[in-house]
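Below: the structure, in structure tokens.
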Amino acid sequence: NAGVTQTPKFQVLKTGQSMTLQCAQDMNHNSMYWYRQDPGMGLRLIYYSASEGTTDKGEVPNGYNVSRLNKREFSLRLESAAPSQTSVYFCASSEGGPPEQFFGPGTRLTVL
Amino acid sequence: RKEVEQDPGPFNVPEGATVAFNCTYSNSASQSFFWYRQDCRKEPKLLMSVYSSGNEDGRFTAQLNRASQYISLLIRDSKLSDSATYLCVVPPGGSYIPTFGRGTSLIVHP
């Protein structure tokens with residue numbers, strides 16, 4: 001089992017460009033999450049999906065959209081990238097209930 | 001008071017030392033607690049779960065003090081490979097959306 005996979009691993013964008021970060025899990029988990037991690041700020045929840053067909057905002061949703069494509073896949077879209085979105089993005093999944101989460105390897109995004 | 005607070009450290013300890021970190025939380029309704037480990041430039045990985053008073057796994061012991069609303073992580077006989085950032089995670093009561101602390105950095109030196 002691959003666990004949680006994310007693509008791409010690295011990305012450089014110019015301000016105003018758009019892109020989609022992909023995440024997939026093969027553990028048959030119900031819940032999936034997108035976080036960003038910035039120095040000194042810890043992990044902050046952007047969006048989550050408690051189950052297939054549902055999505056909800058987390059702590060820092062502005063500037064992002066998500067799609068729960070099916071039970072396996074949860075994508076994060078930046079419509080018009082800004083330098084403030086330079087960060088490391090982690091996708092995670094959990095069975096639901098107590099969040100023993102499994103994380104993907106992360107995407108390092110730089111917006112110039 | 002922030003929801004989940006941790007001393008960022010770094011804690012610098014020699015190999016073989018015992019070290020403990022605390023994590024305080026504000027939501028008294030929280031029922032489950034977690035410690036994650038994050039190596040530099042890597043993803044967080046679950047280290048221990050704490051559902052009642054505590055949990056022990058080899059050199060690692062997690063304790064829960066509900067009255068004072070904190071959890072602790074004790075590492076005995078520290079190894080160089082224990083060097084990492086340790087994240088405390090507390091889901092608010094009634095929700096499984098986790099709140100992460102900012103992490104405590106541990107550096108174990110020879």
Side-chain angles (χ1 to χ4, degrees), chain A residues 2-7 9-10 21 23-25 27 29-51 54-61 66 74 87-110, chain B residues 1-10 21 23-27 29-52 54-55 57 60 62 64 71 84-106:
Chain A
V4 180
T5 56
Q6 291 183 236
T7 56
K9 286 187 167 55
F10 302 92
L21 282 63
C23 174
Q25 51 93 8
M27 295 172 283
H29 284 166
N30 288 313
S31 304
M32 298 186 74
Y33 311 79
W34 275 105
Y35 293 90
R36 61 178 289 174
Q37 187 173 37
D38 303 293
M41 297 297 293
L43 279 158
R44 292 183 292 171
L45 184 64
I46 304 171
Y47 271 93
Y48 67 97
S49 172
S51 61
T54 69
T55 60
D56 285 286
K57 295 178 180 179
E59 182 185 355
V60 288
V66 291
F74 189 37
S87 189
V88 181
Y89 291 85
F90 288 104
C91 177
S93 70
S94 69
E95 180 62 25
E100 298 177 358
Q101 296 185 323
F102 296 82
F103 284 81
T107 294
R108 297 184 180 280
L109 175 67
T110 300
Chain B
R1 181 180 181 180
K2 294 178 183 173
E3 290 187 51
V4 179
E5 292 196 59
Q6 295 184 252
D7 181 343
F21 318 128
C23 167
T24 59
Y25 61 94
S26 59
N27 191 322
S30 297
Q31 295 295 316
S32 54
F33 308 86
F34 303 86
W35 284 102
Y36 281 73
R37 171 195 169 123
Q38 186 173 25
D39 293 304
C40 187
R41 301 179 71 83
K42 298 285 189 181
E43 72 272 23
K45 292 185 179 178
L46 181 66
L47 179 66
M48 298 187 76
S49 307
V50 186
Y51 293 103
S52 56
N55 192 6
D57 183 5
F60 298 84
L64 169 62
I71 60 173
T85 296
Y86 291 84
L87 305 172
C88 170
V89 182
V90 181
S95 166
Y96 58 85
I97 305 306
T99 301
F100 281 77
R102 296 184 181 185
T104 296
S105 174
L106 172 65

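Note that the coordinates shown come from a computational prediction; the quantities given were computed from them, not determined experimentally. Proteins get letters first, then strands, A, B, ... in listed order; numbering begins at 1 in each.
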* Structure fact -> In this structure, OH of B/Tyr36 is separated from CZ of A/Phe103 (nearest 0.5 Å) by 5.5 Å
* To do: Report the distance from atom CZ of B/Arg102 to atom CD of A/Gln37, rounding to the nearest 0.5 Å.
  => 12.0 Å
* **Side chain to side chain, A/Tyr48 and B/Pro98, heavy atoms closer than 4.5 Å** => no
* Asked: Where do B/Ser49 and A/Glu100 come nearest, in terms of heavy atoms and distance?
  -> OG-OE2, 3.2 Å
Side chain / backbone / both / neither for [X] at chain B, heavy atoms under 4.5 Å:
X        : result
A/Leu43  : both
A/Arg108 : side chain
A/Glu59  : neither
A/Tyr35  : side chain

* Yes or no on side-chain contact (heavy atoms from CB on, under 4.5 Å) for B/Gln38 and A/Phe90, after CA distance, side-chain angles and deciding distance? -> CA-CA 12 Å; B/Gln38 186 173 25; A/Phe90 288 104; 3.8 Å; yes
